[in-house]
Number of protein chains: 2
Amino acid sequence: MLNENKLELIERIGVFHEQRGMQPLMGRIVGLLLVLDEAEATFDEIVDYLNVSKSAVSNALNILQLQNHIAYKTKHGERKRYFYITMDRWEEALEKELCDISEISTFMKDVLKVRGDVKPEFNHHIQNLCSFMEFLKNKIPSLFNEFKKSKA
Amino acid sequence: MLNENKLELIERIGVFHEQRGMQPLMGRIVGLLLVLDEAEATFDEIVDYLNVSKSAVSNALNILQLQNHIAYKTKHGERKRYFYITMDRWEEALEKELCDISEISTFMKDVLKVRGDVKPEFNHHIQNLCSFMEFLKNKIPSLFNEFKKSKA
DNA sequence: CTGTTGGTTCTCCAAATAAAGAACAAACTT
DNA sequence: AAGTTTGTTCTTTATTTGGAGAACCAACAG
């Protein structure tokens, strides 16, 4: 059993991810795998800790794997899968998030294409937003670099 | 009536926002207000263009206003409201989005608090993620500045 | 005060989601 | 070959969501 702190934190993490489009159980599994000291759990452990059905866990784990949020390893002599969060790739995940946002500019460009010139100021704001998105996207790698340097 | 291009673009914009947690009609209204040459529409126009019920529009418009995505103005001698996207504040909106993401670090810090030291490497990755989030958050204002300078 | 315009609120319903549970299957054990 | 472990898949079900439609209301017009 998990203590109250951990349980509550799992729920918070669950809700956070839920609000970004994950289905509820997926977010909770992410929370669980973050909170467990060993940072991993088997299928059955997940079922027990979160008190949900096997089918729900099976489904959630598969989606999480497809989205590269988790992976699993096996241990010698065991058939069980040990699922864990691919924390070593947080940069990738975060970069994806950021690029995701800057996807706004792809459709904003299309907005500009279909808009007439009745509201030049409005159009100009859209232009600016697009430009900034470009700017930001290009900037991301150097942000990571700069960060790494500041750590060294 | 809107042409095929605009209609399709409205749907794309709708889906984009839907995936980030807006209810369907809200996203479509945002699309409509972006795509219309006048960049504004009355309540009834929205009902007609999108072919939905007044109740749905009323509800969606209220939420969009609460979230500061849209606003309305009135015109002399008319009672009608002209709703429009507050495009002049795209920086604010974007900054909010970015801060929203970096909210990850608030619960990641709590994760570190409850985690033991069994997996120091895992913990270290979390540390790094948190640090980068801080770094990014602090960097946002100077990114806007740098962008403005590059435009001038 | 009666009708009209512009919008809101309330009740109901259809569709989508997400999970339960049971049956199933593959791989390994004995 | 009979059972166990480790999941998966399929069917059913409870809950949530999102929008329709009608009744309602406030402001103004004649």
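The chains referred to below are lettered A, B, ... by the order of the sequence lines, with proteins before strands, and numbering in each begins at 1. Values below: every heavy atom of this structure, side chains too, minus hydrogens, waters and symmetry copies.
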Problem - N or O in side chain of A:Gln23 less than 4.0 angstrom from C:dT17 OP1/OP2 - result: no
Handout entry: Side chain of B:Arg79 - closest among C:dG7, C:dA19, D:dA26
Key = D:dA26
Practice task
Report yes if a side-chain nitrogen or oxygen of B:Arg81 is closer than 4.0 Å to either non-bridging phosphate oxygen (OP1 or OP2) of C:dT8; otherwise report no.
Solution key: yes
Practice task
Report the nucleotide, chosen from C:dC28, C:dG7, D:dG21, that has the shortest atom-to-atom distance to any side-chain atom of B:Ser53.
Solution key: D:dG21
Problem - Nucleotide nearest B:Phe43 when distance is taken to its side chain, options D:dT6, C:dG7, C:dA22 - result: C:dG7
Exercise for the section: Assign B:Val52 to base, sugar-phosphate, or nothing according to its heavy-atom contacts below 4.0 angstrom with the strands shown. Expected result: sugar-phosphate
Exercise for the section: Find out whether B:Ile70 and B:Thr86 are in side-chain contact, i.e. whether some heavy atom of one side chain is under 4.5 Å from a heavy atom of the other. Expected result: no
Completion exercise
Rounded to whole Å, the CD1-P distance (A:Ile70 to D:dG7) equals 11 Å
Practice task
Check every strand shown and say whether B:Lys80 touches a base, only sugar-phosphate, or nothing at a heavy-atom separation below 4.0 Å.
Solution key: sugar-phosphate
Practice task
State whether the distance check finds a donor on one side and an acceptor on the other, under 3.5 Å, for side chain B:Ser55 versus base D:dG21.
Solution key: yes
Exercise for the section: Check the distance between C:dA16's C1' and A:Asn59's CG and give it to me in whole angstrom. Expected result: 15 Å
Problem - Euclidean distance, atom CD of residue A:Gln65 to atom P of D:dG7 [Å, nearest integer] - result: 10 Å
Problem - Distance-only polar pair, side chains of A:Ser131 and A:Glu134, donor-acceptor under 3.5 Å - result: no
Problem - CG (B:Asn51) with more than 12 external heavy atoms under 6.0 Å - result: no
Exercise for the section: Grab the OH-P distance between B:Tyr82 and C:dT5 for me, whole Å please. Expected result: 14 Å
Problem - Whole-Å distance separating the CE atom of A:Met26 from the P atom of C:dA19 - result: 10 Å
Fill in the blank from the handout: B:Lys75 NZ to C:dG6 P, in whole Å, measures 13 Å
Problem - Sub-4.5 Å side-chain heavy-atom contact between A:Lys6 and A:Asp37 - result: yes
Exercise for the section: Consider the side chain of B:Asn62, meaning its heavy atoms from C-beta on, and name the nucleotide among C:dC28, C:dT8, C:dA19 that approaches it most closely. Expected result: C:dT8
Problem - Sugar-phosphate only, base, or nothing, as touched by B:Leu25 at under 4.0 Å among non-hydrogen atoms - result: sugar-phosphate
Handout entry: Over-ring placement of B:Arg12 relative to A:Phe107, 6.0 Å and 45° cut-offs
Key = no
Handout entry: Whole angstrom value for the distance that separates P of D:dT5 from CD1 of A:Ile46
Key = 19 Å
Practice task
Spell out, as yes or no, whether a donor-acceptor pair under 3.5 Å connects the side chain of B:Gln127 to the backbone of B:Asn123.
Solution key: no
Exercise for the section: Among C:dT9, D:dG19, D:dA27, find the nucleotide with the atom closest to the side chain of B:Ser58. Expected result: C:dT9
Completion exercise
Rounded to whole Å, the CD-P distance (A:Glu18 to C:dA18) equals 8 Å
Exercise for the section: With heavy atoms under 4.0 Å as the rule, sort B:Asp44 into base, sugar-phosphate or nothing. Expected result: sugar-phosphate
Completion exercise
5'-most contact on DNA chain C (nearest-nucleotide basis), A:Gly77 vs A:Ala56, goes to A:Ala56
